[in-house]
Amino acid sequence: MKILYTLFALLFASTAYAQLKPVNAIYYFNEYLMNPAMAGKEQAFKGSLGYRKQMTSFGNAPQTQFLTAEYGYDERSGFGLKVYNEKAGLLKETSIGLSYAYHLALTEDNKLSFGLTGIYSKQGLSNDEFSGDLDDPDLIALAQRKGVFDSDFGMAFSSENFTAQIVLPNLVTTLKNDINEGVNYATFFTAISYKIETELGVLAPKLAFRDVKGMSGILDFGANFKLNPLGSTTFNVMALYHTSKNTTLGASVSFNDQFSFNTSYTLGGGKIGNYSNGDFEMGLAIKL
C-alpha cells in the first residue's frame, strides 16, 4: 500500500507540472489553444495537431496530444474545436472544447474579439499501464469519476502590429472555488505582443503572465523572428524565458502559407530540472 501511495504522489506531482507548463504552441504557433477569442480570426479553415512529452528522461512522464480546428464563417463569427488527451503515469484525461468567437471591427485596422469555450473533461486510469489489484476501492473510485464541465472566456484587441489578450480559463472551477479541486489549475492569462518590421523579416516580442491556483504567477517573455520568405517557404525561430526557470527554443517552417511544421524544446529548470532532460513538442498545421 505504501508503494501505491508513493506512485499516486508522483503521478499527481506530474499532473501539477503539466498545469504549470501549457503547450508551447500557445505563444505563436496556435494562439487559439489558450484564447477562444482567437478562433476563426481569418475567413479560412485551420486544422492542427500536436504532441508534447514532458520530463523526457522519466519513464511514464506526462504526455499530451492535442488537436484543433477553426473556421472563420465571416468577418464577425468564428468557430473552434479543441481536443486534449493527456496522460501522466496511470492517470489519463481527455477534454473536448467547442468555441465561438465574435470579432468586432473598430476601425479598418483595429479589431476587438470575444470568445467562449465550453469544455467537457473526463479523468480515468490507463489500465494498460497498471499492474496490481484493480479491485482496490481507491482505484475504482478514481476510474469511475464523473466527467466535469468547465469554460474559458477570452478577449483580444488587435491592430496591424499590436495584440493584447486576456483569458479567464477554468471559469466554473474558479467561481465555485471548490476545495475538492485543490490547486494547480490556471485562473488567468494575459499577453501583449508587437510586430517590428526589419530588412530580414518580422520580429515579434511577447510578454505573457500566467496565474495558477495556489502558486506564484509565471512571466513568459521572448520573441519570434519570421524571416522574409524564400520563394514559397517561410522560416520562424522562437526563444522564450519563463520565470519558472525554464527556457524554450523553437522553430517552424511553412509552405505556401498552407502547410506548416513546428518543433520546440523546453530546457528543464528549477529543482525538477536537476532530474529532467526537458520537454519536447512538435506540431503540424494546415490552412485552406
Side-chain angles (χ1 to χ4, degrees), residues 10-35 46-69 82-95 126 128-129 169 184-186 189 191 204 206 208 210 212 215 218-227 233-255 259-286:
L10 291 171
L11 182 154
F12 286 113
S14 297
T15 306
Y17 185 64
Q19 290 286 342
L20 287 170
K21 268 294 291 134
V23 295
N24 296 324
I26 69 167
Y27 296 104
Y28 290 103
F29 184 68
N30 189 347
E31 293 179 299
Y32 165 60
L33 278 166
M34 174 58 75
N35 190 350
K46 288 183 177 181
S48 74
L49 54 88
Y51 171 81
R52 177 181 66 173
K53 184 172 183 180
Q54 297 176 264
M55 300 185 290
T56 53
S57 57
F58 286 102
N60 294 320
Q63 299 180 52
T64 303
Q65 300 166 320
F66 51 96
L67 176 149
T68 67
K82 58 181 178 180
V83 180
Y84 276 88
N85 184 37
E86 300 182 90
K87 182 178 176 182
L90 298 179
L91 185 68
K92 63 180 181 180
E93 180 174 358
T94 299
S95 65
S126 180
D128 57 329
E129 297 286 345
N184 303 325
Y185 59 87
F189 174 85
K206 174 170 281 190
R210 295 177 276 132
V212 179
M215 295 192 174
I218 299 170
L219 278 172
D220 312 300
F221 55 90
N224 181 77
F225 189 71
K226 181 179 181 180
L227 283 75
T233 305
T234 304
F235 296 93
N236 290 264
V237 290
M238 173 191 77
L240 290 164
Y241 178 76
H242 318 281
T243 55
S244 52
K245 299 182 180 180
N246 303 94
T247 301
T248 297
L249 303 175
S252 68
V253 57
S254 63
F255 306 95
F259 305 98
S260 58
F261 169 77
N262 77 97
T263 184
S264 61
Y265 188 81
T266 300
L267 286 71
K271 293 181 179 179
I272 200 167
N274 297 326
Y275 309 98
S276 168
N277 288 341
D279 309 339
F280 171 76
E281 182 177 321
M282 61 181 180
L284 297 169
I286 184 173

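Note that this is a predicted model, so its numbers are computed, not measured.
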Starting at CG of L219, measure out to CZ of R210 and round the result to the nearest 0.5 Å. 9.5 Å
If you round to the nearest 0.5 Å, how far is NZ of K46 from CD1 of I286? 12.5 Å
Say you draw a straight line from CG of D220 to CD1 of I26; how long is it, rounded to the nearest 0.5 Å? 7.0 Å
Are the side chain of N224 and the backbone of A204 linked by a donor-acceptor contact shorter than 3.5 Å? no
For T94, side chain to side chain donor-acceptor pair (under 3.5 Å) partners two or more places apart: N85
Once rounded to the nearest 0.5 Å, what's the spacing between atom CE of M238 and atom OG of S252? 8.5 Å
All salt bridge (charged side-chain N to carboxylate O under 4.0 Å, His left out) counterparts of E281, not counting sequence neighbours: none
My understanding is that only residues two or more places apart in sequence, or in another chain, count here; which of them pass side chain to side chain donor-acceptor pair (under 3.5 Å) with N24? K21, S264, T266
Return the minimal non-hydrogen interatomic distance between T247 and H242, and the atom names on each side. N-CD2, 4.2 Å
Could you walk me through whether K206 and Y28 pass side-chain contact (heavy atoms from CB on, under 4.5 Å), step by step? CA-CA 9 Å; K206 174 170 281 190; Y28 290 103; 3.2 Å; yes
Residues passing the ring-ring contact (aromatic ring centres under 6.0 Å, His included) test with F255, sequence neighbours excluded, are none
Kindly give the heavy-atom pair with the smallest separation between A223 and L240, and that separation in Å. N-CD2, 4.3 Å
In chain order, what residues pass the side chain to side chain contact (heavy atoms under 4.5 Å, CB included) check against F235, with sequence neighbours excluded? L230, T233, V253
By ring-ring contact (aromatic ring centres under 6.0 Å, His included), which residues pair with F221, not counting sequence neighbours? Y241
Under the side chain to side chain contact (heavy atoms under 4.5 Å, CB included) test, residues paired with T234 that sit two or more places apart: K226, P229, N236, S254
Just jot down the side chain to side chain contact (heavy atoms under 4.5 Å, CB included) partners of L49, sequence neighbours excluded, or say none. L284
Could you report the tightest heavy-atom contact between P22 and R52, atom names first, then the distance? O-NH1, 3.1 Å
With heavy-atom distances below 4.5 Å as the criterion, would you say the side chains of V23 and Y84 are in contact? yes
Is any side-chain heavy atom of F261 closer than 4.5 Å to one of M282? yes
Mind checking what makes side chain to side chain donor-acceptor pair (under 3.5 Å) contact with Y51, not counting sequence neighbours? Q63
Going by side chain to side chain contact (heavy atoms under 4.5 Å, CB included), name the residues that satisfy it together with N30, two or more places apart in sequence or in a different chain. A25, Y32, L33, S48, T68, E70
